[in-house]
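Heads up, the thing below is written out as structure tokens.
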There are 2 protein chains.
Amino acid sequence: MAIDIPALLQKHSLKVTQQRLALLGYLVTHETHPTAEMIHAELPEISLATIYNTLDKLVEVGLVVIIEGTADGKRHYDFYGEPHYHIINTKTQEIFDANNFDVQPLLQAGREATGLDITDYHIELYGVDPDDAK
Amino acid sequence: MAIDIPALLQKHSLKVTQQRLALLGYLVTHETHPTAEMIHAELPEISLATIYNTLDKLVEVGLVVIIEGTADGKRHYDFYGEPHYHIINTKTQEIFDANNFDVQPLLQAGREATGLDITDYHIELYGVDPDDAK
DNA sequence: CATTTAATTAGAATTATTCCAAACAACTTG
DNA sequence: CAAGTTGTTTGGAATAATTCTAATTAAATG
């Protein structure tokens with residue numbers, strides 16, 4: 001069953017526009033973790049300003065997450081259908097998604113350390129292929 | 001026992017310069033998580049170019065970590081004397097350090113998910129004061 | 001279908017960060 | 001410890017990712 005993009009937008013009180021359908025649809029169907037510029041290259045009919053505006057909105061409602069800390073210094077974006085974290089190959093710059101970890105203990109630790117209600121988290125792991133000649 | 005800054009630099013094969021002593025000394029002794037600009041305001045005798053150069057070097061050798069994902073969109077820097085993670089109050093933008101969490105299971109999960117040797121990690125939790133009127 | 005409200009757009013503006021090439025300072029070696 | 005080598009510092013210019021602006025257009029509502 002494919003993801004219902006219009007429903008996703010409506011669920012978050014976002015108007016269903018051609019641009020949002022195209023952009024969110026693109027993120028949903030691609031495993032890449034593109035920058036705004038990369039999305040614009042794939043969807044040139046959407047202006048770059050709208051790419052940024054739309055990404056901001058999608059991040060705001062939690063449908064998309066920003067990945068920072070990549071070697072290129074740019075923001076990368078990722079559809080956030082299910083909670084997950086990121087693993088970056090620092091040699092190839094590939095970004096992988098993973099969800100094989102229960103974050104609850106971490107969130108609990110954060111709460112205990114600060115007394116804050118933890119509302120969100122970003123986890124990036126950095127690694128290299130062990131087979132790469134050193 | 002105070003931290004021996006020259007030894008820290010030497011341990012990582014970095015020349016011990018006045019600028020590095022001042023900058024690393026500043027980070028070691030302050031709980032703030034400043035941007036390059038903020039450091040420059042505190043240490044105006046060091047040029048901004050050198051602030052950036054030095055921070056880059058310190059990050060490279062692992063003495064300092066970059067905190068990304070703050071609301072101001074700028075990079076914040078933190079002395080990385082002991083492994084820790086960050087918790088950001090999204091209302092006040094305060095950044096807290098915490099180390100009350102064993103990251104080994106997470107690193108192991110990352111390895112299992114990708115086959116990569118995990119060499120580093122960044123964890124940021126985001127939260128709000130539960131007492132804040134909603 | 002008329003109205004309201006919000007989204008889109010091109011292009012200008014901003015600004016954090018990087019780059020540059022010259023001057024200088026730290027370490028090394030004899 | 002003098003001279004040399006190497007790496008560091010610097011002011012300022014350059015870059016480029018992102019944000020802003022004000023005018024146009026499209027989506028939702030009833």
Side-chain angles (χ1 to χ4, degrees), chain A residues 4-27 33-61 63-78 93, chain B residues 4-27 33-61 63-78 93:
Chain A
D4 183 343
I5 310 282
L8 268 189
L9 290 169
Q10 284 166 340
K11 183 159 80 174
H12 293 93
S13 309
L14 294 176
K15 277 191 185 172
V16 177
T17 67
Q18 291 307 309
Q19 291 84 348
R20 286 172 181 177
L21 288 172
L23 200 167
L24 184 52
Y26 179 82
L27 289 178
H33 298 79
T35 63
E37 199 59 67
M38 289 160 81
I39 297 169
H40 187 237
E42 294 296 319
L43 303 174
E45 68 277 14
I46 306 179
S47 78
L48 190 53
T50 297
I51 304 268
Y52 276 108
N53 287 341
T54 303
L55 287 170
D56 283 353
K57 275 277 169 28
L58 295 174
V59 168
E60 206 174 299
V61 303
L63 283 172
V64 165
V65 285
I66 299 175
I67 304 166
E68 307 203 66
T70 53
D72 63 10
K74 299 172 193 170
R75 290 181 193 152
H76 290 246
Y77 295 87
D78 189 14
Q93 312 311 324
Chain B
D4 184 342
I5 310 281
L8 268 190
L9 290 170
Q10 285 166 340
K11 183 159 79 174
H12 293 94
S13 309
L14 294 176
K15 277 190 184 172
V16 177
T17 67
Q18 291 307 309
Q19 291 85 347
R20 286 172 180 176
L21 288 173
L23 172 25
L24 184 52
Y26 179 82
L27 288 178
H33 298 78
T35 62
E37 199 60 67
M38 290 161 79
I39 296 169
H40 187 237
E42 294 295 319
L43 303 173
E45 67 276 15
I46 306 178
S47 77
L48 191 52
T50 296
I51 304 269
Y52 276 109
N53 287 341
T54 303
L55 287 171
D56 283 353
K57 275 276 168 32
L58 295 175
V59 168
E60 206 174 298
V61 302
L63 283 172
V64 165
V65 282
I66 299 175
I67 304 166
E68 306 204 63
T70 55
D72 63 11
K74 300 172 195 172
R75 291 181 193 153
H76 290 247
Y77 294 87
D78 189 15
Q93 311 312 325

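Reminder, nothing fancy here: chain letters follow the sequence lines and each chain counts from 1.
Taking both residues in full, the closest heavy atoms of A/Arg20 and A/Lys57 are given as NH2-CG, 4.2 Å, listed atom of the first, atom of the second, then distance. The heavy-atom pair separating A/Ile39 from A/Pro34 by the smallest distance is CG1-CG, 3.6 Å. A/Leu43 and A/Ala22 make their closest contact through CD1-O, 3.8 Å (heavy atoms, listed as atom of the first residue, atom of the second, distance). Residues A/Gln93 and A/Ala71 share a closest heavy-atom pair of OE1-CB, 3.2 Å. Minimum interatomic distance between A/Gly25 and A/Ile5 (heavy atoms only, all atoms of both residues): CA-CD1, 3.9 Å.
Evaluation of the side-chain contact (heavy atoms from CB on, under 4.5 Å) rule for B/Glu42 yields B/Tyr26 as partners, not counting sequence neighbours. Partners of A/Val16 according to the side-chain contact (heavy atoms from CB on, under 4.5 Å) rule, which considers only residues two or more places apart in sequence or in another chain, are A/Pro6, A/Leu9, A/Gln10, A/Leu21. Every side-chain contact (heavy atoms from CB on, under 4.5 Å) that B/Val61 has, sequence neighbours left out, goes to B/His12, B/Leu14, B/Leu63. Residues passing the side-chain contact (heavy atoms from CB on, under 4.5 Å) test with A/Lys74 are A/Thr35, A/Asp72, sequence neighbours excluded.
Side-chain contact check for A/Ile66 versus A/Tyr77: some heavy-atom pair is nearer than 4.5 Å.
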Please write out the pairs of protein N or O atoms and N or O atoms of nucleotides 27-30 of chain C separated by less than 3.5 Å, giving the distance to one decimal.
{"from": "C/dC27", "atom 1": "OP1", "to": "B/Val16", "atom 2": "N", "distance (Å)": "2.9"}

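Atom CD of B/Gln18 is separated from atom C1' of C/dA25 by 10 Å (rounded to the nearest Å).
Each end of the helix from C/dC1-D/dG30 to C/dG30-D/dC1 yields a helix axis from five base pairs, and these two axes differ in direction by 50° (to the nearest 10 degrees).
In this structure, the side chain of A/His76 engages the main chain of A/His33 through a donor-acceptor pair within 3.5 Å.
Think of the region where chain A sits on DNA chain D: with heavy atoms and a 4.0 Å cut, that region ends 5' and 3' at D/dA17 to D/dA28.
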Identify all side-chain donor-acceptor contacts of residues 44-53 of chain A below 3.5 Å with residues at least two apart in sequence or on another chain.
{"from": "A/Ser47", "atom 1": "OG", "to": "A/Thr50", "atom 2": "N", "distance (Å)": "3.1"}
{"from": "A/Ser47", "atom 1": "OG", "to": "A/Thr50", "atom 2": "OG1", "distance (Å)": "3.1"}
{"from": "A/Asn53", "atom 1": "ND2", "to": "A/Ala49", "atom 2": "O", "distance (Å)": "3.4"}

**OP:** At under 4.0 Å between heavy atoms, which parts of nucleotides 9-21 of chain C does protein reach? Answer with one letter per nucleotide, 5' to 3': B base, S sugar-phosphate only, - none.
**Re:** BB-----SBBB--
